[in-house]
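Side chains are part of it too, since the values below use all heavy atoms of this structure and drop only hydrogens, waters and symmetry mates.
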Amino acid sequence: MERRTIGATALAVGAVGLGCMPMSWAYSTSQQRGDRSVRTVHAALDAGVQLLDTADMYGPFTNELLIGRALRGRRSEAFLATKCGLLVGDQHVVANGRPGYVRRACDASLRRLQTDVIDLYQLHRADPEVPVEETWGAMADLVTAGKVRALGLSAVGARAGRGPGARMHDGTIRQLERVQQVFPVSAVQAELSVWSPQALEDLLPWCSARGVGVLAAMPLGSGYLTGTLTPGQGFEPDDARARHPRFTAEMMAANQPVVAGLRRIAERHGATPAQVALAWVLGQGPYVVPVPGAKQERWVVENAGAAGLVLTEGDLDEIAGLPRARGSWD
């Protein structure tokens with residue numbers, strides 16, 4: 001697989017990553033099986049996928065434990081990215097950016113992941129009660145201590161701190177400019193897909209100008225852009241899509257033209273809609289790495305195949321002409 005270099009520290013990873021969250025949290029828990037997930041991680045590594053993205057809050061904790069188990073004997077083949085800064089309670093999530101907590105969280109993640117070093121340690125969300133510079137300084141100390149190789153930041157929520165006329169990622173860029181004064185940012189993780197392209201307006205240009213990598217979260221639209229979901233199919237109560245405005249039966253039906261367009265392009269290339277969607281993300285810049293979530297071997301192998309798909313100018317024009325997705329978090 002093509003390798004891409006992200007961040008000022010020149011981190012080299014496979015062009016397509018793997019989002020590990022669905023293996024143990026937020027998506028269809030009845031379909032989550034540890035042994036199958038271990039095989040999925042191994043299939044990803046065999047296909048050249050290196051970047052594995054997890055977080056201590058996924059589960060909580062169970063996702064890191066799973067990845068630690070999957071990487072026994074294969075740690076050197078993986079680029080391990082995890083996150084800190086969010087605590088999961090009953091029906092709520094709270095941020096904790098206190099330096100002492102960050103240090104303890106890192107040590108706990110290292111134990112669960114069964115590793116001596118985390119390749120990319122990301123701040124999941126800034127704590128509104130703690131200056132982000134203090135949190136980032138504690139994370140930078142972890143690099144100095146040799147526990148972490150590089151630091152990343154997850155984009156703040158789309159609705160966070162947005163006033164009239166504000167763009168979606170203004171809050172994230174403000175945070176980036178503050179922490180960049182403390183220690184270099186190697187990567188930013190933000191939603192980017194055919195049906196959620198807002199990061200192209202401001203966040204990607206900011207990152208490109210500064211040599212910061214972009215981990216494209218939800219590049220397959222939480223499964224919708226694969227063309228395997230049908231309107232009205234329903235989701236398990238604990239599945240995040242059961243509460244997402246774009247996954248009501250009405251909105252799934254309304255957004256079918258988006259999938260139909262991807263399918264037309266896929267047929268011309270002998271590919272799948274998912275591969276076309278990922279190829280579009282890959283085409284947004286050499287520093288962009290899509291991180292599609294998956295629970296099954298067949299999907300990680302299919303996703304990895306997108307690295308070899310090159311879209312034509314005509315394909316890109318056709319995608320640009322697709323109708324805007326309906327339904328939003330806004």
Side-chain angles (χ1 to χ4, degrees), residues 4-21 50-58 63-64 67 78-86 95-97 99 102-103 105-106 109-110 113 115 117-127 132-157 160 169 171-192 199 203-204 206-219 281 284-293:
R4 295 195 161 193
T5 301
I6 59 174
T9 51
L11 308 171
V13 298
V16 177
L18 171 62
C20 300
M21 181 180 73
Q50 295 171 295
L51 193 152
L52 306 180
D53 183 68
T54 182
D56 57 3
M57 75 168 291
Y58 299 160
N63 203 247
E64 286 187 330
I67 300 309
F79 182 94
L80 196 48
T82 191
K83 311 177 192 72
C84 71
L86 287 179
N96 189 337
V102 168
R103 290 189 287 270
C106 179
S109 288
L110 288 168
L113 292 165
T115 187
V117 63
I118 294 165
D119 296 307
L120 180 67
Y121 202 39
Q122 303 162 91
L123 179 59
H124 218 149
R125 290 291 184 274
D127 186 340
V132 69
E133 291 86 351
E134 291 185 17
T135 304
W136 200 255
M139 295 174 69
D141 289 342
L142 297 171
V143 179
T144 303
K147 297 180 179 182
V148 170
R149 290 182 61 205
L151 302 183
L153 182 77
S154 289
V156 299
H169 292 291
T172 297
I173 291 174
R174 286 195 297 269
Q175 286 186 357
L176 286 167
E177 290 174 342
R178 291 171 62 182
V179 301
Q180 192 82 312
Q181 302 302 312
V182 177
F183 191 87
V185 180
S186 288
V188 178
Q189 185 161 170
E191 182 175 4
L192 176 62
L203 186 59
L204 262 68
W206 191 96
C207 292
S208 177
R210 293 160 180 81
V212 174
V214 175
L215 306 188
M218 294 180 279
V281 174
Q284 302 310 314
Y287 54 94
V288 179
V289 176
V291 189

- Find the distance between OG1 (T135) and CD (Q175) and round it off to the nearest 0.5 Å. 9.5 Å

- Distance, nearest 0.5 Å, that separates OG1 of T144 from CZ of F183: 6.5 Å

- Query: S186 and A150: which non-hydrogen atoms are nearest, and at how many Å?
  - Reply: OG-CB, 3.4 Å

- At what distance, to the nearest 0.5 angstrom, does CD of Q50 lie from CZ of R4? 13.0 Å

- Message: We want to know whether T82 and E64 form a side-chain donor-acceptor pair, criterion being a heavy-atom distance below 3.5 angstrom.
- Response: yes

- Query: Where do A199 and E191 come nearest, in terms of heavy atoms and distance?
  - Reply: CB-O, 3.9 Å

- Item | Closest heavy-atom pair and its distance - L192, A216 | CB-CB, 3.9 Å

- Query: So how far is it from L51 CG to L11 CG, rounded to the nearest 0.5 Å?
  - Reply: 9.5 Å

- Item | Verdict with supporting geometry, V185 and L151, side-chain contact (heavy atoms from CB on, under 4.5 Å) | CA-CA 6 Å; V185 180; L151 302 183; over 6 Å; no

- No-hydrogen, no-angle side-chain donor-acceptor test under 3.5 Å, K83 and Y58: yes

- Message: I need the minimum non-hydrogen distance between A95 and L86, along with the two atoms involved.
- Response: CA-CD2, 3.9 Å

- Task: Evaluate the side-chain proximity of V143 to Y121: yes if any heavy-atom separation is below 4.5 Å, no if none is.
- Result: no

- Task: Begin with the C-alpha distance, continue with both residues' side-chain angles, and end with the deciding distance and a verdict on side-chain contact (heavy atoms from CB on, under 4.5 Å) for F79 and L120.
- Result: CA-CA 8 Å; F79 182 94; L120 180 67; 3.8 Å; yes

- Query: Does any donor atom in the side chain of T54 or N63 lie under 3.5 Å from an acceptor atom in the other side chain?
  - Reply: yes

- Just by modelled atom types, is the V182 backbone N or O under 3.5 Å from a matching donor or acceptor in the W136 side chain? no

- Sequence neighbours left out, what passes salt bridge (Lys or Arg N to Asp or Glu O under 4.0 Å) with D119? Give chain and number order. R75, R149

- Spacing of CG belonging to L153 relative to CD1 belonging to I173, to within rounding of 0.5 Å: 11.0 Å

- Measure the CG-CG distance between L18 and D53 for me, rounded to the nearest 0.5 Å. 8.5 Å

- Query: Is there a donor-acceptor pair closer than 3.5 Å between any side-chain N or O of S109 and the backbone N or O of A105?
  - Reply: yes

- Message: Pair C106, V148 - check side-chain contact (heavy atoms from CB on, under 4.5 Å), show working.
- Response: CA-CA 9 Å; C106 179; V148 170; 4.0 Å; yes

- Task: Decide yes or no for V214 and L204: does some side-chain heavy atom of the first lie under 4.5 Å from some side-chain heavy atom of the second?
- Result: yes

- Message: Please give me the minimum heavy-atom distance between V117 and G146, naming the atom from each residue.
- Response: CG2-O, 3.7 Å

- Task: Test V212 against I6 for side-chain contact (heavy atoms from CB on, under 4.5 Å), laying out the working first.
- Result: CA-CA 6 Å; V212 174; I6 59 174; over 6 Å; no

- Task: Please name the pair of heavy atoms, one in V281 and one in P290, separated by the smallest distance, quoted to 0.1 Å.
- Result: CG1-CB, 3.8 Å

- Task: Taking salt bridge (Lys or Arg N to Asp or Glu O under 4.0 Å) as the test, write out the residues that go with E133, two or more places apart.
- Result: R178

- Query: So, does T172 use its side chain to make a donor-acceptor pair with the main chain of A155 at under 3.5 Å?
  - Reply: no

- Decide yes or no for V13 and V289: does some side-chain heavy atom of the first lie under 4.5 Å from some side-chain heavy atom of the second? yes

- Close side-chain approach of V291 and P219, heavy atoms under 4.5 Å: no

- Query: Side chains of R125 and S154: does their closest heavy-atom pair fall under 4.5 Å?
  - Reply: yes

- Does any non-hydrogen side-chain atom of V102 lie less than 4.5 Å from one of L123? no

